[in-house]
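Worksheet: one structure, shown below.
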Amino acid sequence: MEKLIVAGPKRLARELLAELQKAGVVHIDPLRPDELGEYRLSPTEEAELKRWEAVVSQAEQSLTVVGLATVPSSKPFTGSLEEAEAVLRPVASRAEVLGKERAALEEEIQTIELFGKAAEKLAALAHGLDESPRLGVIPFLVAKPEELEAVRKALQETLADRFVLEAEPLENQLAAVVVVRRGELEAARSSLSRLGLAELRFPGAYGAMSLGKAAARMKERAKLAPEELVGIREEVAKLSRESGEALIALWTRAKDEVARYKAVADMAAGKYGAALMGWVPQKAKGKVEEALGRLRDQIVYTFEPVDEHHEGHQVPVTLENPSWAKPFELMHGFLNTPAYGSHDPTVMIAIFFPLFFGIVVGDIGIGLLFLLVALWLAGKSRRGETLRIDFLGAAFGPDVLGKLATIGKWMAGWAIFWGFLYGEFFGTFLEKLRLPGIFGLKDGWRVFYPTGPSFDPDTYYGLIPIIINRLDFAQTANGLMVFAILFGVFQVLYAFFLRMRLGLKHGHMKHFWEGFGYFSGLVGLVAFAYNFLTQANIPILNIIFGVGIILFFVGVALSREVLMIAELPGKGGQILSYIRLYAVGVAGGVLASLANQVGFGLAERFGFIGGVLGFLVGLLLILAIIVITTLGHVIQPIRLLWIEFSTNFGFFEETGRPYRPFRSVRSD
């Protein structure tokens, strides 16, 4: 990243911004030197900004009415502001009228669907008495006939015999009316209110009508309103066909104009001149020079290298990752943006998260389910659709869905790979399922079959031998736990190596000595643990242990962090926490195995009927296990990368600024 400084005549400010907007690579920051003031819009420019904002707003509202998304046009409107307003005014006015008419009709149809039958019943019960100047009618609904007795009793206590209560069944409830003297309406309403019942009031214009007129009107409108709505929708579709492209072109142009007007507020200006400061990725300098070249005779500009030590906190961060790892930026982007010049953990996450997930899940069937979900997300992304999850209040656009699909495919691939190694397909289903002799295989063969000294080859045979039977704890538990811990040794030590490197790079020697101390101490502890647990007593490892502990105390002394002594065992515990890759996975495998045992047990005991019942029971249990365990199977691997790895190299200690280049809405 390099710093860009541009200066020129004040009258060219918006033209300069237009060129930079086309280039789309400059992250503009406010420039506030002591010698110059803030650029302020003139009254004319402020008025123009408000008018362009009005164009944006009206175009967006019109596009919403005609059902089009605000997707930038490749051919934005090229006329003046006055011409844009002239083109937009009749379209926006027509869209507003159609939108209101459509909303009113949809609301009326919904009202008729909700209250039409009730109005008809209540009108029949009221017999027009609600139009009497002396009598009042209170319509209401009750869920059960027994509630009417409570109503009758309450009215009796309040009004004695001065009321009439009638009811008629209405689908799953009852429609009822109370007829009283008009002067006693409030007393009757109070009696109903104490029972938790309220007078039924129709919405909209129907609320001002008598029951008979409302029922008749609803019956009439039930036939006419849908036809009118069809006509309105046809008008909306026609407007969309005729003016949709123009609306999008206007919106695109107006958004860019508004962005330029607002960007000038970040410039510094004197009476005649203006200056701008921004940040440009080194590989994009050519685009900036080409854009500024069009104003070369009227402006001056310079690029300056970034001083990471003194102004690194100001520099926006653009993540440079290979295309296959790019989607995994999602998995830390919502937590923190790496500070400029620090380490970006994306590649580490991209390599190890799906691998860890596969080690934990290790099931072909579950992997295929994840693959189906990933393909579904990829399809929505290709179609430009948005996935909304209402109960979470979340919405994922096409770009995010595409990245999630890529992540899901990697997860599925590793889950299927480890599923073949573990011999698991929805648990032990393909290990327990015995098949008739085909393809030259003996009768009773299995797709996956266990091997080893404890399994009789005359009883356990099949197509694919289980390479790592993680459910055979005696044979595989120790090896798989050591395998998991090796990941911890690598990642935790590498994290402290990064802390040393970043400390040297930025001149933060305290961080360097912290990383040095922890790295040395952990190397010593790992050497000691190996000798102790294996009883190997290898002399070189004893030397490594001693030297590592000495260097650890050197790091403590030079970093002046005495608490490192107390925290060193905890850092060793972080290495051991990688055992969860084995423990969490094997727990899920055991649950799936138990579900299969239940299903196959029913089949063996009750024959064909038991087989059908066993399949259904086993399927339900497997689905329940997948729902219960999937969240943990996702969280546990990423937790290791977020905490055991990222925390130790200081990922969360400094926050970077995301790179947000000033560019046309067409580039978003």
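- No side-chain heavy atom of N542 sits less than 4.5 Å from a side-chain heavy atom of F545.
- In summary, the aromatic rings of F487 and F356 are positioned with their centroids under 6.0 Å apart.
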Inset, instruction - List the steps, then state whether side-chain contact (heavy atoms from CB on, under 4.5 Å) holds for R446 with L463. - result: CA-CA 6 Å; R446 311 153 194 260; L463 185 63; over 6 Å; no
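- For N478, the CG atom is loosely surrounded, since the number of other residues' heavy atoms within 6.0 Å does not exceed 12.
- For the side-chain contact (heavy atoms from CB on, under 4.5 Å) test with F448, the passing option among T428, I467, L430 is L430; the others fail.
- Remark: K287 NZ is loosely packed, at most 12 non-hydrogen atoms of other residues, nucleotides or ligands lying under 6.0 Å away.
- Partner F357 forms a ring pair (Phe, Tyr, Trp, His ring centres under 6.0 Å) with one of W414, W418, F417, F370 and no other, that one being F370.
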Inset, instruction - Evaluate the side-chain contact (heavy atoms from CB on, under 4.5 Å) criterion for residues V361 and T629: first the C-alpha distance (whole Å), next the side-chain angles of each, then the deciding distance (0.1 Å), finally the verdict. - result: CA-CA 9 Å; V361 173; T629 61; over 6 Å; no
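- For the pair I248 and L63, the minimum side-chain heavy-atom distance is below 4.5 Å.
- The closest side-chain heavy-atom distance from V562 to I565 is below 4.5 Å.
- For F532, the CZ atom sits in a loose shell: 12 or fewer heavy atoms of surrounding residues, nucleotides or ligands are nearer than 6.0 Å.
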Inset, instruction - Applying salt bridge (charged side-chain N to carboxylate O under 4.0 Å, His left out), run through E329 and K403 and close with a yes or a no. - result: CA-CA 9 Å; E329 292 173 2; K403 294 177 180 179; 5.2 Å; no
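- N596 places a side-chain N or O within donor-acceptor distance of the main-chain N or O of F426, the cut-off being under 3.5 Å.
- Checking E653, H506, K505 one by one against H511, the side-chain contact (heavy atoms from CB on, under 4.5 Å) holds for a single residue, E653.
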With a 3.5 Å cut-off and sequence neighbours excluded, list the donor-acceptor pairs that the side chains of residues 518-529 form with protein atoms.
{"residue": "Y518", "atom": "OH", "partner": "E567", "partner atom": "OE1", "Å": "2.5"}
{"residue": "S520", "atom": "OG", "partner": "F516", "partner atom": "O", "Å": "2.9"}

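- When only modelled atom types and interatomic distance are considered, E654 and S342 share no side-chain donor-acceptor pair under 3.5 Å.
- Once rounded to the nearest 0.5 Å, the distance linking NZ of K409 with CG of L404 reads 12.0 Å.
- Q110 CD: 12 or fewer foreign heavy atoms inside a 6.0 Å radius.
- For the atom pair OG1 (T459) and OH (Y449), the distance works out to 13.5 Å, reported to the nearest 0.5 Å.
- N648 pairs in a side-chain hydrogen bond (donor to acceptor under 3.5 Å, both in side chains) with only one of the listed residues (Q491, Q574, R499), which is Q574.
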Please tabulate, for side-chain N and O atoms in residues 600-626, each donor-acceptor pair with protein atoms closer than 3.5 Å (sequence neighbours left out).
none

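- Ring-plane geometry between W410 and W324 is classed as tilted, the angle between the planes lying from 30 to 60 degrees on a 0 to 90 degree scale.
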Inset, instruction - Quick one: do I635 and W642 satisfy side-chain contact (heavy atoms from CB on, under 4.5 Å)? Show the steps, please. - result: CA-CA 10 Å; I635 287 177; W642 281 345; over 6 Å; no
Inset, instruction - Take K380 and L387 through the test side-chain contact (heavy atoms from CB on, under 4.5 Å) and record every step on the way to the result. - result: CA-CA 8 Å; K380 292 184 75 68; L387 174 63; 4.2 Å; yes
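- Between L641 atom CG and T647 atom OG1 the span is 11.0 Å, to the nearest 0.5 Å.
- Using a 30° and 60° split on the angle between ring planes, F651 and H332 fall in the perpendicular class, above 60°.
- Aromatic rings from Y582 and Y578 are positioned such that their centres are separated by 6.0 Å or more.
- Rounded to the nearest 0.5 angstrom, L640 CG and I575 CD1 are separated by 12.0 Å.
- By the 4.5 Å heavy-atom criterion applied to side chains, P450 and D472 are not counted as neighbours.
- Around CZ of F455, the count of heavy atoms belonging to other residues, nucleotides or ligands within 6.0 Å exceeds 12.
- Environment of OH in Y461: crowded, with over 12 heavy atoms of neighbouring residues, nucleotides or ligands closer than 6.0 Å.
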